[in-house]
Amino acid sequence: MMKSLENRVAVVTGSTSGIGLAIARRFALAGAEVVMNGFGDPAEVDRLREEIAEAAQTRVHFIPADLSKPAEAQMLIKQTIALCGRIDVLVNNAGIQHVAAIPDFPDDKWDAVIAINLSSAFHTSKIALADMQKRDWGRIINVASAHGLVASVNKAAYVASKHGIIGLTKVTALENATRQITCNAICPGWVDTPLVRKQIEARAAAQNISVEEATKQLVGEKQPSQRFVSPESLAELALFLTSEAGGSVTGSAYSMDGGWTAQ
Ligand code: NAD
């Protein structure tokens, strides 16, 4: 396997689960020294970290910053630079969802979704860019969503945060356009992760239907392919965006959504 990220240091936020975990794994296999982050049972997180390091024969660290807090988001990158000497690749992936109509949307849930899905990417990028600019090389990948391009009911905070992060992506790209520093967003459709499992289980309970039926409904409603997007295919897209061949791709929002936003 080609090791395109040899000698690169990559931070993947929210990489204890789902899409972030697949990206951390793929980047490690591509030779990167990887910093993982996210919530989870400490023993399980350590097991994952060791498993990835062992399989990839690279260094893998874990820094447990809570990205709802600006100081911790900034500290995640400062600690990475202290530990690894630099940051070359930043994937802003951590995210949460809350589903409710606007009149019923709890204020604290709005604040949490915006803080984790959007503001944390500003705080990590702010510190990372200063370091990347010293070497004139860097890659920032913001994991947005099909909901960064189109809306759905009952997801006001999520849709606002994901539209916002595509805006942040464009500004980051433009401010660094003359450097070898790119910033792009990835816009997945439905991916089978704990974030979506919660929505499927809520739908099954509300309609008194099976989880299988609820899954079919949820994916079928929006995603013409009628299939989940896999975390591994998103990780391949992220890897391409870190490559030299991807060096002129900047400020874009890449859909991998089974046709969702083609409609
Ligand atoms: P997930 O729930 O499997 O993973 C989310 C990760 O974020 C976990 O590692 C979790 O610990 C971490 N996290 C949550 N809050 C955090 C906090 N305050 N501080 C640090 N880490 C925190 O979900 P996922 O589906 O893999 O989602 C990853 C990203 O992909 C999110 O930004 C999500 O919005 C986006 N996305 C997911 C889908 C989907 O269908 N699953 C679709 C489009 C976009």
Side-chain angles (χ1 to χ4, degrees), residues 11-26 34-42 44-45 48-49 52 62-77 79 91-99 108-109 111-121 123-124 141-152 155 157-166 168-169 185-201 203 215 218-219 221-223 225 227-235 237-238 253-258 260-261:
V11 176
V12 186
T13 71
S15 46
T16 53
S17 167
I19 298 166
L21 177 57
I23 295 175
R25 236 187 249 287
R26 187 66 189 89
V34 174
V35 175
M36 296 174 68
N37 153 267
F39 295 145
D41 168 49
E44 173 56 14
V45 170
L48 273 175
R49 188 192 59 72
I52 295 171
F62 175 72
I63 300 180
D66 177 351
L67 299 179
S68 66
K69 303 186 172 121
E72 290 197 29
Q74 296 197 7
M75 195 51 73
L76 169 63
I77 308 303
Q79 282 182 8
V91 183
N92 289 305
N93 164 79
I96 60 165
Q97 176 63 284
H98 187 81
V99 181
D108 62 336
K109 294 289 183 197
D111 289 343
V113 172
I114 299 295
I116 296 164
N117 295 15
L118 175 58
S119 302
S120 74
H123 294 294
T124 53
I141 299 167
N142 293 324
V143 180
S145 167
H147 282 123
L149 300 167
V150 295
S152 295
K155 294 186 174 174
Y158 190 83
V159 169
S161 71
K162 296 299 187 181
H163 275 66
I165 205 165
I166 291 180
L168 175 65
T169 301
I186 291 180
C187 301
W190 293 120
V191 188
D192 192 0
T193 68
L195 184 140
V196 165
R197 278 281 134 197
K198 272 191 218 151
Q199 294 173 62
I200 292 171
E201 281 156 19
R203 180 184 284 247
T215 306
L218 180 109
V219 178
E221 258 169 26
K222 299 276 184 185
Q223 202 147 294
S225 66
R227 296 185 304 276
F228 283 114
V229 176
S230 77
E232 292 73 25
S233 56
L234 288 160
L237 174 57
Y254 252 89
S255 291
M256 191 181 271
D257 65 5
W260 180 329
T261 52

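In each ligand, atom 1 is the first atom listed, and ligand 1 is the first ligand listed.
The protein heavy-atom contact nearest to atom 22 (C) of ligand 1 is A94 CB, 3.9 Å. The protein non-hydrogen atom at the shortest distance from atom 25 (O) of ligand 1 is T193 OG1, 2.5 Å. Of all protein heavy atoms, the one lying nearest to atom 18 (N) of ligand 1 is D66 OD1, 2.9 Å. Distance from atom 7 (O) of ligand 1 to its nearest protein heavy atom, with residue and atom name: G14 CA, 3.4 Å. Looking at atom 1 (P) of ligand 1, its nearest protein heavy atom turns out to be S17 OG, 3.6 Å. Nearest protein neighbour of atom 23 (O) of ligand 1, counting heavy atoms only, is L195 CB, 3.4 Å. F39 CE1, 3.5 Å is the protein heavy atom nearest to atom 16 (C) of ligand 1. Distance from atom 8 (C) of ligand 1 to its nearest protein heavy atom, with residue and atom name: T16 OG1, 3.7 Å.
Between I19 and ligand 1, a contact under 3.5 Å exists for at least one N or O pair. No N or O atom of S145 sits closer than 3.5 Å to an N or O atom of ligand 1.
Contact check for V143 versus P188: side-chain heavy atoms found under the 4.5 Å cut-off. Contact check for V219 versus R227: no side-chain heavy atoms found under the 4.5 Å cut-off. Residues R26 and E232 have side chains not in contact (no heavy-atom distance under 4.5 Å, counting atoms from C-beta outward). K222 has its side chain out of reach of D257: every pair of non-hydrogen atoms, C-beta onward, lies at least 4.5 Å apart. Between I166 and L149, the closest side-chain pair of non-hydrogen atoms falls below 4.5 Å. When side chains are defined from C-beta on, T124 does not count as touching V11, because their heavy atoms never get closer than 4.5 Å. The side-chain heavy atoms of I52 and V34, taken from C-beta on, include no pair separated by under 4.5 Å. Counting heavy atoms from C-beta outward, Y158 and V99 have side chains that stay 4.5 Å or more apart.
In the vicinity of G38, heavy-atom distances shorter than 4.0 Å reach the ligand 1 atoms 11 (O), 21 (N). Residue contact check: N37 has heavy atoms under 4.0 Å from atoms 20 (C), 21 (N) of ligand 1. Close approach of ligand 1 to G18 (heavy-atom distance below 4.0 Å) involves ligand atoms 3 (O), 26 (O). The atoms of ligand 1 that sit less than 4.0 Å from any heavy atom of S15 are 9 (O). Counting atoms of ligand 1 from 1 in the listed order, those under 4.0 Å from a heavy atom of A65 are 19 (N), 20 (C). Near V143, meaning under 4.0 Å from any of its heavy atoms, are these atoms of ligand 1: 29 (C), 30 (O), 32 (O), 35 (C). Within ligand 1, the atoms closer than 4.0 Å to a non-hydrogen atom of V196 are 39 (C), 40 (O), 41 (N), numbered from 1 in the order shown. Close contacts between ligand 1 and P194 involve ligand atoms 3 (O) [criterion: under 4.0 Å to a heavy atom].
Of the heavy atoms in S120, none comes closer than 4.0 Å to ligand 1. Only side-chain heavy atoms of I116 come within less than 4.0 Å of ligand 1; its backbone N, CA, C and O stay farther off. If you look at L67 next to ligand 1, the close heavy atoms, those under 4.0 Å, come from the backbone and the side chain alike. With a 4.0 Å cut-off on non-hydrogen atoms, A146 does not touch ligand 1 at all. With a 4.0 Å heavy-atom cut-off, ligand 1 is reached by the backbone of N93 and by its side chain too. Heavy atoms of K162 found under 4.0 angstrom from ligand 1 belong exclusively to the side chain. Contacts between P231 and ligand 1 below 4.0 angstrom, taking non-hydrogen atoms only, are absent altogether. The part of I96 lying near ligand 1 is the side chain, judged by heavy-atom distances below 4.0 Å.
Here the side chain of E44 pairs no donor or acceptor atom with the backbone of L48 at under 3.5 angstrom. A donor-acceptor contact shorter than 3.5 Å is absent between the side chain of S161 and the backbone of I114.
Here the CE atom belonging to M256 is positioned 10.5 Å from the CD1 atom belonging to I19, to the nearest 0.5 angstrom. For the atom pair M36 CE and I23 CD1, the distance stands at 11.5 Å (nearest 0.5 Å). Rounded to the nearest 0.5 Å, atoms CG (N92) and OG (S119) are 11.5 Å apart. In this structure, the separation between OG1 on T193 and NZ on K198 is 9.0 Å, given to the nearest 0.5 Å. One distance of note links CD1 of I63 with CG of N37; it measures 8.0 Å at 0.5 Å rounding. Here the CG atom belonging to L67 is positioned 13.0 Å from the CE atom belonging to M75, to the nearest 0.5 angstrom.
Note on ring orientation: taking the six-membered ring where Trp is involved, the planes of W190 and W260 are tilted (angle from 30° to 60°).
Heavy-atom distances between S68 and ligand 1 reach below 4.0 Å in at least one pair. Contact between Y158 and ligand 1 is present, with at least one heavy atom of the residue lying under 4.0 Å from the ligand. Residue contacts with ligand 1: G189 is included, with a non-hydrogen atom under 4.0 Å away.
Of the candidates G95, A144, A115, A144 brings a heavy atom nearest to atom 44 (C) of ligand 1.
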